[in-house]
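The block underneath contains the structure these notes are about, expressed in structure tokens.
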Amino acid sequence: MPELPEVESVRRVLLDRLTGLSVHSVEVIRSDVIKLIKHPRSSLGSAIDHRQLLVGGSIKDVIRHGKRLALVVHDGRILEFGLGMSGLLRFEEAGSTGEEELHEHVRWDLKGVGGGAAGKLIWKDPRRFGSITPVGSWKALTQVQWAHLGPDALKISEAEFISRIRAGSSAIKVRLLNQQVVAGIGNIYADEALFRAGIRPRRAANRTSPARLAQLRRVAIEILREAISAGGSSIRTHLDPEGRSGRFQEAHAVYGRQNEPCVRCGEVIRTCSLGGRTTAWCVRCQK
DNA sequence: TGACACCTGGGT
DNA sequence: ACCCAGGTGTCA
């Protein structure tokens with residue numbers, strides 16, 4: 001489900017709904033979705049420290065870097081989420097008649113300022129490619145858990161974007177997908193940005209002129225912002241915590257439009273495989 | 001750089 | 001029965 005715009009849509013809803021609520025208790029249905037920092041392959045087993053899952057804390061902030069999300073509580077404890085392909089956070093208001101769904105792995109019980117039940121936050125992830133990682137501090141979050149991520153795609157400067165992209169010789173789309181280079185762009189928005197910038201996805205990154213890269217950054221940010229305004233793209237599973245789907249898929253120019261005519265020139269949109277991902281582009285508009 | 005692995009579900 | 005899917009880590 002998640003690239004930057006989808007995760008940002010989730011962040012905004014969570015910030016609005018959860019800020020100020022306190023975490024009363026947590027129910028761990030599948031403990032192996034919780035991954036420790038230094039031992040990413042090990043699960044916590046049966047002895048889960050519920051404090052690491054924010055129990056007793058009151059939610060102060062919800063932050064995002066690239067495609068990653070984190071809940072911050074008042075005393076500095078942080079819980080970090082990678083949504084993988086199908087991870088989703090759902091907010092179920094107290095008293096709502098929501099039935100338990102398949103593939104729900106963790107459920108937090110939240111209380112309001114007065115101590116009354118506010119609702120439940122639920123982690124649902126059918127494919128289980130996602131992860132929940134307790135991090136003790138801001139320092140552990142930024143210097144360990146997120147240390148390998150490049151600058152956020154919405155915040156990266158033009159100079160830094162150009163130099164980081166050009167630091168490798170692989171296909172430009174592969175560089176865009178590399179979260180170490182720039183964080184937040186995935187398969188959809190890489191294809192859409194390259195189309196809008198008129199750049200062939202296979203072009204060698206270091207043989208793309210600084211001027212064209214400046215243009216690529218500009219249109220990528222433009223597309224990401226448009227997508228956020230539309231609530232992200234809902235191809236199959238993306239829903240925000242209130243169950244609303246995004247609408248940006250209706251605006252896709254190339255992603256998912258193979259064999260259809262290019263919106264700009266009418267040429268048939270082709271696909272190939274790049275970095276193991278299906279890539280859609282217009283052979284006439286992108287050079 | 002690519003192949004494969006991790007998973008489940010939906011479409012053909 | 002097969003192929004595909006918004007991600008990411010490891011291996012040759």
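Throughout, protein chains are lettered first and strands after them, A, B, ... in sequence-line order, and every chain is numbered starting at 1. Just so you know, these numbers use all the heavy atoms, side chains as well, and skip hydrogens, waters and symmetry mates.
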Does [N] have its OP1 or OP2 closer than 4.0 Å to a side-chain nitrogen or oxygen of [X]?
X        : N     : result
A:Ser86  : B:dT8 : no
A:Arg127 : B:dC6 : no
A:His103 : B:dG9 : yes
A:Arg277 : C:dG7 : yes

Looking only at heavy atoms, which two atoms of [X] and [Y] are closest? And how far apart?
X        : Y        : value
A:Trp123 : A:Gly87  : CH2-CA, 3.9 Å
A:Val13  : A:Arg244 : CG2-NH2, 3.9 Å
A:Arg257 : A:Pro261 : NH2-O, 2.9 Å
A:His238 : A:Val10  : CE1-CG2, 4.2 Å

**Study point:** Spacing of A:Gln52 atom CD and A:Thr133 atom OG1 [to the nearest 0.5 Å]
**Key:**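 Here the interatomic distance stands at 10.5 Å.
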Point to revise | B:dA3 and C:dC3, which share atom name P, separated by this distance in whole Å | key: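 Nearest-Å result for C:dC3 against B:dA3 at atom P: 15 Å.
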Check your understanding: Which value, in whole Å, describes the distance between the P atoms of nucleotides C:dC2 and B:dC4?
Key -> 16 Å
Review point. Any side-chain donor-acceptor pair under 3.5 Å between A:Arg212 and A:Gln215?
Key: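 No donor-acceptor contact under 3.5 Å links the two side chains.
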If you look at every strand shown and take non-hydrogen atoms under 4.0 Å, does [X] touch a base, only sugar-phosphate, or nothing?
X        : answer
A:Leu102 : sugar-phosphate
A:Tyr255 : sugar-phosphate
A:Gly276 : nothing

Could you give the [atom1]-to-[atom2] distance, from [X] to [N], as a whole number of Å?
X        : N      : atom1 : atom2 : answer
A:Glu104 : B:dT8  : CD    : P     : 16 Å
A:Ile235 : B:dG11 : CD1   : P     : 13 Å
A:Leu69  : C:dT8  : CG    : C1'   : 17 Å
A:Gln179 : C:dT10 : CD    : C1'   : 17 Å
A:Asp191 : C:dG7  : CG    : P     : 11 Å
A:Lys67  : C:dG9  : NZ    : C1'   : 13 Å
A:His105 : B:dC7  : NE2   : C1'   : 10 Å
A:Leu177 : C:dG9  : CG    : C1'   : 15 Å

Check your understanding: Can you name the one residue among A:Lys124, A:Arg90, A:Arg30 that meets salt bridge (Lys or Arg N to Asp or Glu O under 4.0 Å) with A:Glu104?
Key -> A:Arg90
Side chain of [X]: nearest nucleotide among [options]?
X        : options             : answer
A:Val174 : C:dA5, B:dT1, C:dT8 : B:dT1
A:His148 : C:dG9, B:dT1, B:dG9 : C:dG9
A:Thr278 : C:dC4, B:dC7, C:dT8 : C:dC4

Check your understanding: Are A:Gln286 and A:Ile199 close enough that some pair of their side-chain heavy atoms sits under 4.5 Å apart?
Key ->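 The answer is no; the side chains never approach within 4.5 Å.
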Check your understanding: Does the side-chain ring of A:Phe129 lie flat on the base of B:dC6, meaning centres under 5.5 Å and planes less than 30 degrees apart?
Key ->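 Yes, the aromatic ring of A:Phe129 stacks with the base.
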**Study point:** DNA chain C base-pair string [pairs: Watson-Crick or G-U under 3.5 Å; |: paired with another strand]
**Key:** |||||.||||||
